[in-house]
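Each remark here refers to the structure printed beneath this line.
No hydrogens, no waters, no symmetry mates; every other heavy atom, side chains included, goes into these values. Numbering of residues begins at 1 and proceeds along the displayed sequence.
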Amino acid sequence: MTRIEHPSVSFEVTAHCNLKCAHCDHASPWMQKKFLSVPQFVRDVERLAPVFHADEIRFAGGEPLQHADLAQILQIARRSGVADGIVILTNGLLLNKISDEVLDLTDCMVVSLYPGVRLPFDLAEMEARARDHGTKIVYDRVTGFRQMLVYNRIENDQAVDAVFRSCFSSVNCHTVYEGKYFRCSRSNSLSKRMSLAGRSVNEPGEYVDLFESQNLEADLRRYIGESTPLEACRYCLGNIGQRVPAKQLTKAEIRQEMAEHHENPEDLLDRDIDFASVETPPPLAAGWWRLDYDIKQQEHAKQNKDAVFITPEQFVKESL
């Protein structure tokens, strides 16, 4: 059987975060502490791997470096063969506290740098340590956010279609969560987020259940190939919401954010966006772990005569 090939697949390691970013697209400042269950991860990845393969598996949150069993999770991911590369998406605050084992098992750390948030260690020393373990560090400097999450349903079909067609997450954030495969990481948390905002929403069931499917390969192939908006798209502005400043919230501001109603969510769309001209499909954002001749790749090249290595420019070109 030929496995489904996809650029990436994500697992949410924690729901909560050690930062409180305004307009967080995962609503992490609202969430209580919740960690990915190791037995659940084993079940999910062992069920997925025989029919699905990704260029990279991403561990996100919340803040994934908060998980005490992260090294064990990475070991399981590596053994599963579900992906070639392992990438962790982090705010970096705990980077200097992670074990050598986590670094050995990770191909790339993508570190988001937020305004007003200082990393409590020397970056050069951390980069040198990472290089010693063959781990690449990529910095994503965040200057602001877009308004994404809304709490009233968008009824304008043209607006929803534009949100979907332009959305980075629709192709880059396929997520496995508690035994279900979602085309969007916002979709798996929709009901929880709306409940915390004091709103109710019917569970749309827009996922593939890994354990109820009678033909998982066929069901995933059909689902991944769908090109219509999700119900979750009606509660999200994707890449075309208005730009908002990046800031850290106080407890009072978190409560205020949770109480927002967004009676006319379309008013929060970027006024400069022409629905008919949005970029579609959005670019793939995979292969971060390949974008350099790091130590692991050099060692692999020595041991594998058939290995082919390409420049970062070639990889980006071939990935689009």
Side-chain angles (χ1 to χ4, degrees), residues 6-10 12 21-31 58 60 144-177 180-209 219-244 257-286 320:
H6 197 70
S8 65
V9 64
S10 297
E12 188 176 279
C21 296
H23 305 286
C24 172
D25 59 3
H26 283 70
S28 292
W30 305 15
M31 301 297 177
R58 299 175 182 169
F145 291 97
R146 284 189 182 273
Q147 175 78 46
M148 288 187 70
L149 307 182
V150 294
Y151 307 104
N152 266 344
R153 191 174 189 270
I154 304 171
E155 301 297 343
N156 183 325
D157 291 342
Q158 185 184 24
V160 173
D161 183 64
V163 166
F164 173 75
R165 288 188 295 112
S166 66
C167 187
F168 176 90
S169 298
S170 67
V171 293
N172 292 296
C173 294
H174 286 209
T175 297
V176 175
Y177 182 77
K180 300 177 178 66
Y181 187 107
F182 294 85
R183 282 194 286 142
C184 176
S185 55
R186 316 299 176 273
S187 186
N188 69 277
S189 61
L190 175 61
S191 297
K192 177 66 173 178
R193 172 170 66 85
M194 294 297 288
S195 174
L196 289 170
R199 303 295 181 93
S200 61
V201 61
N202 293 328
E203 176 59 56
E206 295 172 319
Y207 53 77
V208 172
D209 191 304
D219 288 344
L220 279 175
R221 197 175 293 279
R222 171 194 53 76
Y223 176 68
I224 291 171
E226 290 178 356
S227 57
T228 53
L230 301 163
E231 176 64 16
C233 299
R234 293 189 178 273
Y235 297 89
C236 182
L237 304 179
N239 290 17
I240 57 175
Q242 292 177 9
R243 296 188 181 277
V244 290
E257 187 177 82
M258 293 171 70
E260 292 177 352
H261 290 296
H262 306 147
E263 294 299 337
N264 297 298
E266 293 164 55
D267 292 344
L268 299 174
L269 289 168
D270 191 327
R271 294 182 178 85
D272 295 328
I273 295 292
D274 176 7
F275 289 170
S277 63
V278 294
E279 183 180 12
T280 180
L284 294 176
L320 296 180

Would the distance check show the side chain of [X] and the main-chain N or O of [Y] forming a donor-acceptor pair, the cut-off being under 3.5 Å?
X: N156; Y: Q158; value: yes
X: E206; Y: E231; value: yes
X: R186; Y: S169; value: no

(message) Ring-plane angle category for H262 and Y151, please: parallel below 30°, perpendicular beyond 60°, tilted otherwise.
(response) parallel
(request) Name the orientation class of the two ring planes belonging to H6 and H174 (parallel below 30°, tilted from 30 to 60°, perpendicular beyond 60°). (result) parallel
Can you name the nearest heavy-atom pair linking [X] to [Y], along with the distance?
X: F145; Y: C21; result: CZ-CB, 4.1 Å
X: P229; Y: D161; result: CG-CA, 4.3 Å
X: G238; Y: M148; result: O-CG, 3.4 Å
X: V160; Y: R234; result: CG2-NH1, 3.5 Å
X: L230; Y: C184; result: CD1-CB, 3.9 Å
X: C24; Y: P29; result: CB-CD, 3.7 Å

In Å and rounded to the nearest 0.5 Å, what is the [atom1] to [atom2] distance from [X] to [Y]?
X: D157; Y: C233; atom1: CG; atom2: SG; result: 12.0 Å
X: L149; Y: L190; atom1: CG; atom2: CG; result: 9.5 Å
X: E12; Y: C173; atom1: CD; atom2: SG; result: 11.5 Å
X: F182; Y: S10; atom1: CZ; atom2: OG; result: 13.0 Å
X: R58; Y: S8; atom1: CZ; atom2: OG; result: 3.5 Å

Are [X] and [Y] side-chain neighbours, meaning at least one heavy-atom pair lies under 4.5 Å?
X: Q242; Y: D267; result: no
X: H26; Y: S185; result: yes
X: W30; Y: E257; result: yes
X: V208; Y: I224; result: no
X: Q147; Y: H23; result: yes
X: D219; Y: Y181; result: no
X: R146; Y: D270; result: yes
X: R199; Y: N152; result: yes

(request) Give a yes or no on whether R222 atom CZ has more than 12 heavy-atom contacts from other residues, nucleotides or ligands under 6.0 Å away. (result) yes
(request) Inspect the surroundings of NZ in K180 and state if more than 12 heavy atoms from other residues, nucleotides or ligands are less than 6.0 Å away. (result) yes
(request) State which residues pass side-chain hydrogen bond (donor to acceptor under 3.5 Å, both in side chains) with Y177; sequence neighbours excluded, sorted by chain then number. (result) K34
